[in-house]
Amino acid sequence: MSPPVKVLGHFASPFAHRVEVALQLKGVPYELIQEDLSNKSELLLANNPVHKKVPVLFHGDRAICESLVIVEYIDEVFDGPSLLPSDPYDRAIARFWSDFVDKLTVPFWMAHWAEGEAQKTLVEEVKQKLALLEVQLKGKRWFGGDTIGYVDVAASVLGPWLSMVEEVTGVVVLDEEEYPALRRWSKEYNSYEALKQCVPDRGQLAAFYTERKEKYKMIAKAWLKQ
Ligand SMILES: N[C@@H](CCC(=O)N[C@@H](CS)C(=O)NCC(=O)O)C(=O)O
């Protein structure tokens, strides 16, 4: 029998969500522990001393950090449908696009919270990258074809977080006309039966970010200065 699986996460984190999605798709039972990111627990600090971020996966007494590393671990260790393709070339391509979408996640998110001229430049940069992602998805249901897989899991921020952040900030980066495939993907992801248990409640997400609107604008400002 497999040791117990626990996820240290946060309901508003698209990175922690990736881990839950992987576990749900594999059919692995797990316990979700909600971290208080404004007052980090000993459990988080002791098990992710390098980044001090969620998610952390516990498999028995072993801890693993970094969402995409965790997703690959889950894919290798547990039975159930494979998230990464079996062919080495296809696997390399899936890793390439997962890395691409992972590196786009924070700029995409910040593009909604940034303001002024800096925002315009950031939106343009992000849009060019989204256009490359749109081409990847065109004509396919999921990034890997007919079955949901690794790149879809990596693209979590374009799922439940997309229309929510648009509503809260009033900014639309990924508009329907320019990116119809990505918009369609987002809707399908949000209503996908197999993910029902872990897709966060939209109202709760919106309330969380609305309450912290000014904080996220400040975070975006600081991030742009880096
Ligand atoms: N690259 C990390 C990113 C994780 C991350 O940024 N987590 C955020 C929540 S969305 C966090 O824990 N932030 C706490 C902090 O920055 O202090 C991953 O993929 O796991």
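Whatever order the structure lists ligands and atoms in, that order sets their numbers, starting from 1.
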Item to check | Non-hydrogen atom of L37 closer than 4.0 Å to ligand 1 | outcome: yes
Next on the checklist: Checking a contact table here: which protein heavy atom is nearest atom 10 (S) of ligand 1, and how many Å away?
Outcome noted: S13 OG, 3.2 Å
Item to check | Shortest protein heavy-atom distance from atom 19 (O) of ligand 1, along with the residue and atom involved | outcome: S67 OG, 2.6 Å
Checklist entry - Any sub-3.5 Å donor-acceptor pair from S186's side-chain atoms to L158's backbone N or O? => result yes
Item to check | Distance flag, aromatic centroids of F11 and F208, threshold under 6.0 Å | outcome: yes
Item to check | Pair R184 + E188, salt bridge at N-O below 4.0 Å | outcome: yes
Checklist entry - Of all the non-hydrogen atoms in the protein, which one sits nearest to atom 16 (O) of ligand 1, and at what distance? => result K53 CE, 3.4 Å
Checklist entry - Would you say the side chains of Y73 and H59 form a donor-acceptor pair under 3.5 Å? => result yes
Item to check | Heavy atom of E66, distance to ligand 1 below 4.0 Å | outcome: yes
Checklist entry - Counting each atom of ligand 1 from 1 as listed, which ones have a heavy atom of P55 under 4.0 Å away? => result 20 (O)
Next on the checklist: For the residue pair S163 / R202, report whether a side-chain donor-acceptor contact shorter than 3.5 Å exists.
Outcome noted: yes
Item to check | Heavy-atom gap K40 to ligand 1 smaller than 4.0 Å | outcome: yes
Checklist entry - For the rings on W185 and Y192, is their centre-to-centre separation under 6.0 Å? => result no
Checklist entry - Nearest protein heavy atom to atom 12 (O) of ligand 1, by residue and atom, and its distance? => result V54 N, 2.9 Å
